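Note that this is a predicted model, so its numbers are computed, not measured. Residue numbers count from 1 along this sequence.
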Amino acid sequence: MSVTFNGKYLDGFVSADEFSNIYPQVETAHRIVTDKTGAGNDFLGWLNLPFDYDREEFARIKKAAEKIRGDSDVLVVIGIGGSYLGARAAIQFLGSEFYNDLNPLKIYFAGNNISPDYLNKIIKLCEGKRLSVNVISKSGTTTEPALAFRVFKKLLEDRYGKREAAKRIYATTDKARGTLKTLADREGYETFVVPDDVGGRYSVLTAVGLLPIAAAGFDIDKLMSGARKAAEKYAVCTPDNDCYKYARARNILMRKGKSVELMACYDPDWTMMNEWFKQLYGESEGKDQKGLFPASVIFSTDLHSMGQFVQDGARIMFETVVDIKSPNCDYYLEPDSENADGLNFLANQNMSIVNNNAMRGTILAHTSGNVPNIVIELDKKDEENLGEIIFFFEKACAISGYMNGVNPFNQPGVEAYKKNMFALLGKPGYESRREELLKKLGE
């Protein structure tokens, strides 16, 4: 089991001297993270999670997951941003995009948008099904999940009555305060904790991610074991630290004029991990008019839509390719006697070899087209490898953010849209702002 940084495709884009010259900045960032002396240091709880997580709560998570799998046909997970992306990404990575088609417990995600069509479709999917809900919110007042929970709480209470509904609602929230915590204590929901010192985008290895992942049937002990091995591996700052090599490479490329990091993977089960990555890095580094714009593709699918731009468009990007070395189940390609499609040259080998050569050929084409490529190698799709790569990206994000002179743990820019949305919706206290906005809109 291993996550490995492969920098061989950076030849011609990043020199050995550049890699060496930026290393003192890595050492400084490492010291700031380790000593917890940097901006946002009160949100570094994720660093010790693989070792210091609450064992009693962990046991309750596994017990609750077993109960959900035994008494429910559907689990609706309500959350937005870091409160749902990690869990959704992990479930798809481990169980494929066809998870709900292949497993008796269906898991749907609500509260991550305000689309009435989306909400109604999930409600329809819950008809006639035994239902449980995991609502995830630190405060309980974030608009999207709070609205969805209002709907599903009523649905459960209408279907089962308040007492039985309470046994089917699991609240992951603040340990002591907030609207959701108060409601959960009053109604008797089982509660799990969103730690004070772990921000949402770093929270997948807390109850925020662990309960849905465990309910999906995956081994969270192995997940934490992988994260623990990664934490041990990347605890020491050395030039050979693969996590820090990644932070160094992306910072060098950014300072050489690259403004977009395009994460690519040749396995569609990585699709939601792309989304998790985009929040982690976009929200952590995109501030003070700095940062790389995180984008993503799944190849070879997106080679037929985005390949032209990557190969021949504006030279604004580099690629970070996640190379999953072994599929969980390969497919042997047999020859066809007629060979009408002319594909017999692909026969007599496993399909993974074809996919790997598509990846290698594309990397060579893109680097020839002046697009630098970083490759992050991952052994296979299992819980331990997932735990390791989650921690890999989290640690690299913290190091990279401090190297770039920003606080990797706050998100001041997300407040502007919320204030405008509240004002336009008529939330009390936003009356004057509402008038200003309506004038700007010409209404």
Side-chain angles (χ1 to χ4, degrees), residues 29 32-33 36 38-47 49 77-90 109 111-114 136-139 141-145 172 174 194-206 208-209 243 246-247 250-251 253-254 258-263 270-297 317-318 320 322 376 389-422:
I32 290 171
V33 171
K36 300 184 177 181
N41 60 73
D42 49 343
F43 284 97
L44 280 166
W46 55 271
L47 268 176
L49 270 178
V77 180
I78 298 174
I80 196 168
S83 293
Y84 99 102
L85 275 173
R88 188 169 186 174
F109 294 87
N112 51 69
N113 60 66
I114 320 175
I136 306 167
S137 176
K138 181 76 169 172
S139 65
T141 58
T142 303
T143 304
E144 294 90 342
T172 307
D174 191 270
V194 180
D196 289 335
D197 57 357
V198 180
R201 57 190 178 273
Y202 289 84
S203 67
V204 62
L205 297 177
T206 71
V208 169
C243 178
Y246 172 56
R250 63 194 307 277
N251 267 270
L253 291 168
M254 179 181 65
K258 301 302 181 184
S259 58
V260 175
E261 179 174 13
L262 184 67
M263 176 163 280
W270 187 262
T271 300
M272 287 305 302
M273 286 296 294
N274 273 340
E275 300 305 308
W276 173 80
F277 163 85
K278 287 191 287 190
Q279 186 199 3
L280 178 63
Y281 279 79
E283 200 168 59
S284 295
E285 294 189 312
K287 53 201 68 164
D288 302 334
Q289 285 73 60
K290 299 178 182 178
L292 289 157
F293 182 82
S296 65
V297 287
M317 70 180 69
F318 66 90
T320 295
V322 176
I376 307 298
I389 203 163
I390 285 171
F391 195 89
F392 173 96
F393 281 124
E394 289 179 344
K395 186 73 177 290
C397 186
I399 296 296
S400 184
Y402 280 134
M403 287 176 68
N404 199 28
V406 300
N407 177 354
F409 307 111
N410 68 350
Q411 51 279 338
V414 303
E415 296 305 315
Y417 90 86
K418 289 182 181 178
K419 291 176 181 177
N420 285 353
M421 179 177 69
F422 292 153

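- Minimum interatomic distance between G40 and F409 (heavy atoms only, all atoms of both residues): O-CD1, 3.4 Å.
- At distances below 3.5 Å, not a single donor-acceptor pair connects side-chain atoms of K287 with backbone N or O atoms of V406.
- When all heavy atoms of K290 and G405 are compared, the pair lying nearest together is NZ-O, 3.7 Å.
- Contact annotation: the side chain of P408 approaches that of Y202 to within less than 4.5 Å [non-hydrogen atoms, C-beta and beyond].
- How far CD of E144 is from OH of Y84: 11.0 Å, rounded to the nearest 0.5 Å.
- Note that CZ of R88 and OG of S83 are 14.0 Å apart. Values are rounded to the nearest 0.5 Å.
- Distance alone, capped at 3.5 Å, places no donor-acceptor pair between the S284 side chain and the Y281 backbone.
- Side-chain atoms of N41 come within 3.5 Å of backbone N or O of G38 as a donor-acceptor pair.
- Proximity of a side-chain donor or acceptor of N251 to a complementary backbone N or O of A247 within less than 3.5 Å is detected.
- Taking M317 as the reference, V260, L262, F309, V310, V371 meet the side chain to side chain contact (heavy atoms under 4.5 Å, CB included) condition, with sequence neighbours excluded.
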- [ ] Assess whether salt bridge (charged side-chain N to carboxylate O under 4.0 Å, His left out) is satisfied between D42 and K36, documenting all intermediate values.
- [x] CA-CA 8 Å; D42 49 343; K36 300 184 177 181; over 6 Å; no
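- Rounding to the nearest 0.5 Å places CD of Q411 at 4.5 Å from CD of E283.
- Remark: K419 NZ is loosely packed, at most 12 non-hydrogen atoms of other residues, nucleotides or ligands lying under 6.0 Å away.
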Open item on the list: Using the rule given for side chain to side chain contact (heavy atoms under 4.5 Å, CB included), can you reason through M421 versus I114, listing the C-alpha separation, both sets of side-chain angles and the distance that settles it, and then say yes or no?
Closed with: CA-CA 12 Å; M421 179 177 69; I114 320 175; 4.2 Å; yes
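- With a 4.5 Å cut-off on side-chain heavy atoms, D196 and D174 count as touching.
- Atom-to-atom distance recorded for E261:CD and M254:CE is 10.5 Å, nearest 0.5 angstrom.
- Closest non-hydrogen pair, V33 versus L44, comes out as O-CD1, 3.8 Å.
- Minimum interatomic distance between K395 and C243 (heavy atoms only, all atoms of both residues): CB-SG, 3.6 Å.
- Between V322 and M273, every side-chain heavy-atom pair lies at or beyond the 4.5 Å cut-off.
- Taken to the nearest 0.5 Å, the CE atom of M263 stands 6.5 Å off from the CG atom of N274.
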Open item on the list: Apply side chain to side chain contact (heavy atoms under 4.5 Å, CB included) to residues I136 and V77 and explain how you reach the verdict.
Closed with: CA-CA 8 Å; I136 306 167; V77 180; 3.7 Å; yes
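- In this structure W276 satisfies the ring pair (Phe, Tyr, Trp, His ring centres under 6.0 Å) test with no other residue, sequence neighbours excluded.
- F293 is linked by a ring pair (Phe, Tyr, Trp, His ring centres under 6.0 Å) to nothing, counting only residues two or more places apart in sequence or in another chain.
- Separating the NZ atom in K418 from the CG atom in N420 is a distance of 13.0 Å, to the nearest 0.5 Å.
- In this structure, S203 and V208 approach most closely via the heavy-atom pair OG-CG1, 3.4 Å.
- Looking only at distances, no side-chain donor or acceptor of Y246 sits under 3.5 Å from a matching main-chain atom of C397.
- Scanning all heavy atoms of the two residues, the minimum distance from A29 to M403 falls at CB-CG, 4.0 Å.
- Between V204 and F391 there is no side-chain heavy-atom pair separated by less than 4.5 Å.
- Formation of a donor-acceptor pair under 3.5 Å by the E275 side chain with backbone atoms of L85 is not found in this model.
- The shortest distance between side-chain heavy atoms of F277 and W270 does not fall below 4.5 Å.
- Proximity of R250 to T320: side-chain heavy atoms (C-beta onward) are nowhere separated by under 4.5 Å.
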